[in-house]
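Values below: all heavy atoms of this structure, side chains included; hydrogens, waters and symmetry mates excluded.
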Amino acid sequence: MAMEFSTSVIAALDPAKKIVVLTGAGMSAESGVPTFRGEDGLWRRYRAEELATPSAFQANPTLVWEWYDWRRGIIGEAEPNPGHLAIAEMEELFPHFSLITQNVDGLHRRAGNTRLIEIHGNLWQVRCVREGRVHEDYRCPLPEIPPRCACGALLRPHVVWFGESLDERDLTRAYRLIEECDLLLVVGTSAVVQPVASFPIMAKHGGALVIEVNRDPTPLSSLADESIQGKAGEILPALLEKIKGHRGLSYPIHGLNLDP
Ligand code: BV8
């Protein structure tokens, strides 16, 4: 049974508009990646907020790295799901498209998105705690825990931990995109973690339409102009088909052909 979407949702997904998509852990749930606040959010008995902090790493870098190695193991086996692929296709279809993700799993990149801000980092990147140098490291499992830089200092995941500020450039770019967008599509986030959780309010203040896609109600559901409840991997492909049908949008593999 084809999914129904309101005319305002279809109207909002217009190639002429500035469209920003903001995603959270719910986006990768159907790829088998545990969410943070779901029933699968705990590792051993720790919550993410307990392990993803500078003090936890200071106190026990081995424990923190065992947790990241476990997550890298799961994510290394995971594939982008139909929701990721639909968002990658949106980037092809909409000239003024940008994607901001809280996910550090790299699945949006693997799905083909390039106009992407990984605002909390990427767990396939590691950083030397002494030199600050960042490099990609896909070894899974890691041969040595905790891993060390050639200089002998500890490596840490190149992600933003709780209590740490976000990368200045990423934040400035994200704020500008959010302030200027016509449509903000928020997918699979519980909208709790700041400063990203404030983006929908900022977009709304900027006059944008805010549409939420989430399996469950969130603090955002009442603020959003439209809250579509369901799984991202089912809703987004259906929404895309609807838009393409509605606008007679089609495109050869490498290039955009807007003329029906
Ligand atoms: C900072 C990287 C400035 C690491 C992450 C009190 C009040 C306000 C703020 C604070 C406060 N106390 C502390 C703060 C600040 C703190 C914060 O917001 N804490 C929260 C917990 C209250 N923020 C920070 O510390 C930030 N930095 O503020 O710096 C500063 C500097 C110095 C001193 C003070 C301040 C840094 C935040 C970034 C932390 N790093 N990740 C790693 O991943 O290892 S956050 C991490 O958790 C994720 O990146 C993501 O952002 C968050 C998880 O949230 P979601 O992605 O939304 O996932 P969740 O599981 O919660 O929800 C999933 C949703 O999907 C659910 O709604 C579910 O229903 C839905 N769903 C499930 N399946 C599906 C689905 N939806 C659709 N389809 C499905 N199939």
Applying side chain to side chain contact (heavy atoms under 4.5 Å, CB included), run through Leu99 and Val20 and close with a yes or a no.
CA-CA 6 Å; Leu99 171 62; Val20 174; over 6 Å; no
When you look at Glu212 and Thr218, which way does the side chain to side chain contact (heavy atoms under 4.5 Å, CB included) test go after all the steps?
CA-CA 9 Å; Glu212 177 187 50; Thr218 74; 2.4 Å; yes
Using the rule given for side chain to side chain contact (heavy atoms under 4.5 Å, CB included), can you reason through Val213 versus Val186, listing the C-alpha separation, both sets of side-chain angles and the distance that settles it, and then say yes or no?
CA-CA 6 Å; Val213 172; Val186 185; over 6 Å; no
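The existence of a salt bridge linking Arg173 and Asp167 is excluded, since no basic side-chain nitrogen approaches an acidic carboxylate oxygen closer than 4.0 Å. Salt-bridge annotation for Arg176 and Glu179: absent, with no side-chain N of the basic residue lying under 4.0 Å from a carboxylate O of the acidic one. Using a 4.0 Å cut-off between a side-chain N of Lys or Arg and a carboxylate O of Asp or Glu, Arg156 and Glu164 qualify as a salt bridge. Salt bridge status for Arg71 with Asp105: absent, with no side-chain N to carboxylate O gap under 4.0 Å.
Here the side chain of Asp182 pairs a donor or acceptor atom with the backbone of Lys18 at under 3.5 angstrom. Of the possible polar contacts, one joining the Thr53 side chain to the Ala56 backbone as a donor-acceptor pair under 3.5 Å is found. Checked by atom type and distance alone, the side chain of Arg130 never pairs as donor or acceptor with a backbone atom of Leu155 at under 3.5 Å. With Asp225 contributing its side chain and Val210 its backbone, the two residues share a donor-acceptor pair below 3.5 Å. No donor-acceptor pair under 3.5 Å is formed between the side chain of Glu180 and the backbone N or O of Leu177. A distance-only check finds a donor-acceptor pair linking the side chain of Asp69 to the backbone of Leu142 [under 3.5 Å]. At least one donor-acceptor pair under 3.5 Å links the side chain of Asn60 to the backbone N or O of Leu63. In this structure, Arg72 contributes its side chain and Leu123 its backbone to a donor-acceptor pair below 3.5 Å. Using modelled atom types, one side-chain atom of Arg115 and one backbone atom of Pro95 make a donor-acceptor pair closer than 3.5 Å. The closest donor-acceptor contact from the side chain of Asn103 to the backbone of Gly24 lies under 3.5 Å.
One finds the CG atom of Asp14 at 10.0 Å from the CG atom of Leu183 (value rounded to the nearest 0.5 Å). Rounding to the nearest 0.5 Å places CD of Glu50 at 10.0 Å from CH2 of Trp67. Note that the OG atom of Ser98 and the CD1 atom of Ile178 stand 9.0 Å from one another [nearest 0.5 Å]. In this structure, CD on Glu92 lies 11.0 Å from CG on Leu240, to the nearest 0.5 angstrom. Between the CG atom in Asn113 and the CG atom in Leu85 there is a gap of 9.5 Å [rounded to 0.5 Å]. Note that CG of Leu13 is 13.0 Å distant from NZ of Lys244, once rounded to the nearest 0.5 Å.
With no hydrogens or angles considered, a side-chain donor-acceptor pair links Ser198 and Gln194 at under 3.5 Å. If you check the side chains of Thr23 and Thr101, you find a donor sitting under 3.5 Å from an acceptor. Side-chain contact of Gln102 with Thr189: a donor-acceptor pair under 3.5 Å is present, judged by distance alone.
Taking the side chain as every heavy atom from C-beta outward, Arg127 and His135 never approach each other to under 4.5 Å. Between Ile243 and Phe5 there is no side-chain heavy-atom pair separated by less than 4.5 Å. Contact check for Pro157 versus Trp65: side-chain heavy atoms found under the 4.5 Å cut-off.
For Lys231, the NZ atom sits in a loose shell: 12 or fewer heavy atoms of surrounding residues, nucleotides or ligands are nearer than 6.0 Å. Within 6.0 Å of CD in Gln58 there are 12 or fewer heavy atoms belonging to other residues, nucleotides or ligands. The 12-atom threshold is not exceeded at CZ of Arg133, counting heavy atoms of other residues, nucleotides or ligands nearer than 6.0 Å. Atom CD of Glu168 has 12 or fewer neighbouring heavy atoms from other residues, nucleotides or ligands inside a 6.0 Å radius. Heavy-atom neighbours of Lys204 NZ from other residues, nucleotides or ligands within 6.0 Å: above the threshold of 12. Counting heavy atoms of neighbouring residues, nucleotides and ligands inside a 6.0 Å radius, atom CD of Glu49 exceeds 12 of them.
The other residues sharing a hydrophobic cluster with Phe162 are Val193, where clustering joins ILVMFWY side chains under 4.5 Å apart.
Between Gly83 and Met27, the shortest heavy-atom contact is C-CE, 3.2 Å. Of all heavy-atom pairs spanning Leu107 and Glu79, the tightest one is CD2-C, 4.1 Å.
Ring planes of Trp161 and Tyr68: tilted class, angle from 30 to 60°.
Not counting sequence neighbours, the partners of Tyr175 by the ring pair (Phe, Tyr, Trp, His ring centres under 6.0 Å) test are Phe199.
Here the rule is side-chain hydrogen bond (donor to acceptor under 3.5 Å, both in side chains) with Glu118, and of Gln125, His158, Arg109 only Arg109 fits it.
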